[in-house]
Amino acid sequence: MTRELKGTRYLTVENEALAKFITTKLPYLDFFETLKLYRKIEPVIDDAGRALLNANDRYYLLTVTCKRHDAWHPWLFERCREVEKSPDGHLDLWARYHYKSTICTFAGCLQEIIRNPEITIAIISGTNKVAQPFLIQIQDEMERNDDLKRIHSDVFWDEPRKEAPQWSRDKGLKVKRMGNPKEATIEAFGLIDGMRTGKHYGLLVYDDLVDETMINNPEIITKVTVAWELSDNLGQLSGTRKWHQGTRYSF
C-alpha cells in the first residue's frame with residue numbers, strides 16, 4: 001500500500017526516486033533493513049532529501065538528524081513505526097523509560113512542525129512542573145541542533161533567541177510561519193495550574209496527565225480528570241487532533 005508523502009515542498013527532481021521509495025517501500029522495511037538503508041544513503045543524500053526523510057520517517061528524524069543513538073533498538077523502532085502510521089485518537093500506555101515521550105512528544109511534535117509550520121500544538125500534562133520539561137527539550141533541540149536548522153531553514157530560526165517573534169518557555173515558541181494566530185507554534189502547560197483560556201490548538205498532546213506523585217491523592221486525580229474534560233475547549237472548531245501518552249500506575 002502506498003503511503004501519503006508528507007512535506008512535499010521538499011520534493012525536487014533529484015529526490016523523486018527517494019520520494020517514491022519513502023511512500024512504497026520504506027514503511028515496510030524491518031529494523032536492520034532500515035539501518036542498512038540509512039548507512040547507504042547518508043553519504044550521498046542532499047539536504048532536500050534529508051528534509052523529505054525527516055518529514056516522513058520519524059525514526060530517521062530521531063536517530064539520525066537528532067542524533068539519539070540511544071534509540072537504536074528494534075522494539076523502539078517498531079513503536080516509532082506504529083505511532084507514526086496512526087498517531088491520532090489513541091491512548092498509548094507504556095511502562096516508564098520506554099521512550100513514549102521521546103518518540104511521541106519530542107520527535108512527534110518536531111515532525112509535525114516540519115510537515116506544517118503553521119500548526120499550533122499544546123503539550124498538556126497534569127501540572128506545569130511536568131509539562132515544562134517537554135517544551136524545554138524541544139526548545140533546546142531547535143536552538144542547538146545545527147543540522148536540524150540547516151536542513152529545515154524554512155522552518156527553524158538560526159538564532160531563535162534573537163530572531164523569533166516569541167521564544168518563551170512560559171508563553172511558547174514560534175517558528176517561521178506565514179500566519180499570525182495568537183497561539184504559539186508550540187506551548188506547554190499543566191491542567192490544574194496552567195490551563196490556557198481563549199486559545200485553540202490544532203494538535204493537543206496529552207503526556208503524563210497523572211504521574212507517580214499523584215497516584216495516592218484521589219482529590220488531585222479528580223481535579224486532573226475534570227480539567228481534562230474541560231480541555232476539549234482548547235481545540236479548534238473542527239479537525240482538532242489528539243494524542244494521549246501515559247503510564248499505567250493502577251488497575
Side-chain angles (χ1 to χ4, degrees), residues 3-10 54-56 58 61 82-93 100-101 103-128 130-132 134-135 138-139 142 152 154-157 160 164-210 221-246:
R3 299 278 181 89
E4 178 187 359
L5 185 71
K6 306 291 186 180
T8 53
R9 68 186 186 280
Y10 298 120
N54 285 335
N56 290 276
R58 191 178 301 186
L61 171 63
E82 180 181 34
V83 297
E84 73 177 345
K85 180 181 177 181
S86 181
D88 300 345
H90 297 285
L91 174 59
D92 284 288
L93 294 178
K100 65 182 184 300
S101 297
I103 292 173
C104 300
T105 303
F106 172 69
C109 288
L110 280 175
Q111 189 178 55
E112 291 294 334
I113 294 168
I114 288 168
R115 290 175 172 178
N116 175 23
E118 304 300 315
I119 196 171
T120 54
I121 302 173
I123 299 175
I124 306 171
S125 301
T127 63
N128 280 326
V130 177
Q132 281 295 306
F134 296 131
L135 185 65
I138 293 171
Q139 178 185 8
M142 291 179 178
H152 300 284
D154 61 325
V155 178
F156 302 113
W157 306 97
Q166 181 174 303
W167 202 255
S168 164
R169 293 174 181 178
D170 293 328
K171 296 182 179 181
L173 314 173
K174 291 183 179 181
V175 301
K176 297 177 182 179
R177 59 185 185 179
M178 299 296 292
N180 186 32
K182 59 181 177 294
E183 299 83 7
T185 303
I186 186 165
E187 304 179 26
F189 51 87
L191 284 175
I192 60 177
D193 58 359
M195 178 87 83
R196 299 292 195 261
T197 57
K199 290 191 175 185
H200 304 282
Y201 306 88
L203 173 60
L204 304 179
V205 180
Y206 296 93
D207 199 329
D208 280 341
L209 295 183
V210 174
I221 293 176
T222 299
K223 286 183 178 180
V224 170
T225 303
V226 172
W228 169 74
E229 293 170 346
L230 293 173
S231 72
D232 264 347
N233 296 318
L234 297 174
Q236 299 174 339
L237 289 176
S238 63
T240 302
R241 300 164 58 200
K242 296 180 182 180
W243 303 349
H244 285 80
Q245 290 94 234

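Just so we're clear, the structure is a prediction, and the values are computed from it rather than from any experiment.
- Of the possible polar contacts, none joining the Arg58 side chain to the Ala107 backbone as a donor-acceptor pair under 3.5 Å is found.
- Shown here are the salt bridge (Lys or Arg N to Asp or Glu O under 4.0 Å) partners of Glu82, two or more places apart in sequence or in another chain: Arg79.
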What's the verdict on side chain to side chain contact (heavy atoms under 4.5 Å, CB included) for Val205 and Phe134, showing C-alpha distance, side-chain angles and the deciding distance? CA-CA 11 Å; Val205 180; Phe134 296 131; over 6 Å; no
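- Considering only residues two or more places apart in sequence or on other chains, Lys174 meets the salt bridge (Lys or Arg N to Asp or Glu O under 4.0 Å) condition with none of them.
- For Trp157, there are no side chain to side chain donor-acceptor pair (under 3.5 Å) partners, not counting sequence neighbours.
- With rounding to the nearest 0.5 Å, the separation of CZ in Arg177 from OG1 in Thr185 is 4.0 Å.
- Checked against side-chain contact (heavy atoms from CB on, under 4.5 Å), Gln236 has the following partners two or more places apart in sequence or in another chain: Thr120, His200, Thr240.
- The neighbour count for Lys176 NZ, taken as heavy atoms of other residues, nucleotides or ligands under 6.0 Å away, is above 12.
- A search for side chain to side chain donor-acceptor pair (under 3.5 Å) contacts involving Arg3 returns nothing, not counting sequence neighbours.
- Within 6.0 Å of atom NZ in Lys182, more than 12 heavy atoms from other residues, nucleotides or ligands are found, so the atom counts as buried in its surroundings.
- In this structure Thr105 satisfies the side chain to side chain donor-acceptor pair (under 3.5 Å) test together with Asp207, Gln245, sequence neighbours excluded.
- When all heavy atoms of Ile186 and Cys109 are compared, the pair lying nearest together is CD1-CB, 3.9 Å.
- Remark: Ala122 engages Ile124, Phe189, Tyr201, Leu204 in a side-chain contact (heavy atoms from CB on, under 4.5 Å) (not counting sequence neighbours).
- Residues meeting the side chain to side chain donor-acceptor pair (under 3.5 Å) test with Ser86, sequence neighbours left out: His90.
- Between Asn56 and Glu4 the shortest heavy-atom distance is OD1-O, 3.9 Å.
- With values rounded to the nearest 0.5 angstrom, Asp193 atom CG is found 10.5 Å from Lys223 atom NZ.
- Residues forming a salt bridge (Lys or Arg N to Asp or Glu O under 4.0 Å) with Asp170 (at least two apart in sequence, or on another chain): none.
- In summary, Glu183 and Arg196 do not engage in a salt bridge, as defined by a charged side-chain N under 4.0 Å from a carboxylate O.
- The ring-ring contact (aromatic ring centres under 6.0 Å, His included) check on Tyr10 picks up His152, with sequence neighbours excluded.
- Between Leu191 atom CG and Asn128 atom CG the span is 9.5 Å, to the nearest 0.5 Å.
- The two residues Ala131 and Gly190 make their nearest non-hydrogen contact at CB-N, 4.2 Å.
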Please walk me through it: do Phe156 and Ile114 pass side chain to side chain contact (heavy atoms under 4.5 Å, CB included)? CA-CA 9 Å; Phe156 302 113; Ile114 288 168; 3.9 Å; yes
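- Listed for the Arg115 side chain is a donor-acceptor partner under 3.5 Å among the backbone atoms of Ala55.
- The side chain to side chain contact (heavy atoms under 4.5 Å, CB included) test with Ile113 singles out one residue from Leu203, Val175, Leu173, and that residue is Val175.
- Remark: side-chain polar atoms of Gln111 are paired, donor with acceptor, to backbone N or O of Asn54 under 3.5 angstrom.
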When you look at Met195 and Leu234, which way does the side chain to side chain contact (heavy atoms under 4.5 Å, CB included) test go after all the steps? CA-CA 9 Å; Met195 178 87 83; Leu234 297 174; 3.8 Å; yes
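- Every residue meeting the side-chain contact (heavy atoms from CB on, under 4.5 Å) condition with Asp88, not counting sequence neighbours, appears here in chain and number order: Arg241, Trp243.
- The salt bridge (Lys or Arg N to Asp or Glu O under 4.0 Å) test applied to Glu229 returns no partner, not counting sequence neighbours.
- To the nearest 0.5 Å, the span separating CG on Asn233 from NZ on Lys199 amounts to 15.5 Å.
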Take Thr127 and Ile192 through the test side chain to side chain contact (heavy atoms under 4.5 Å, CB included) and record every step on the way to the result. CA-CA 6 Å; Thr127 63; Ile192 60 177; 3.9 Å; yes
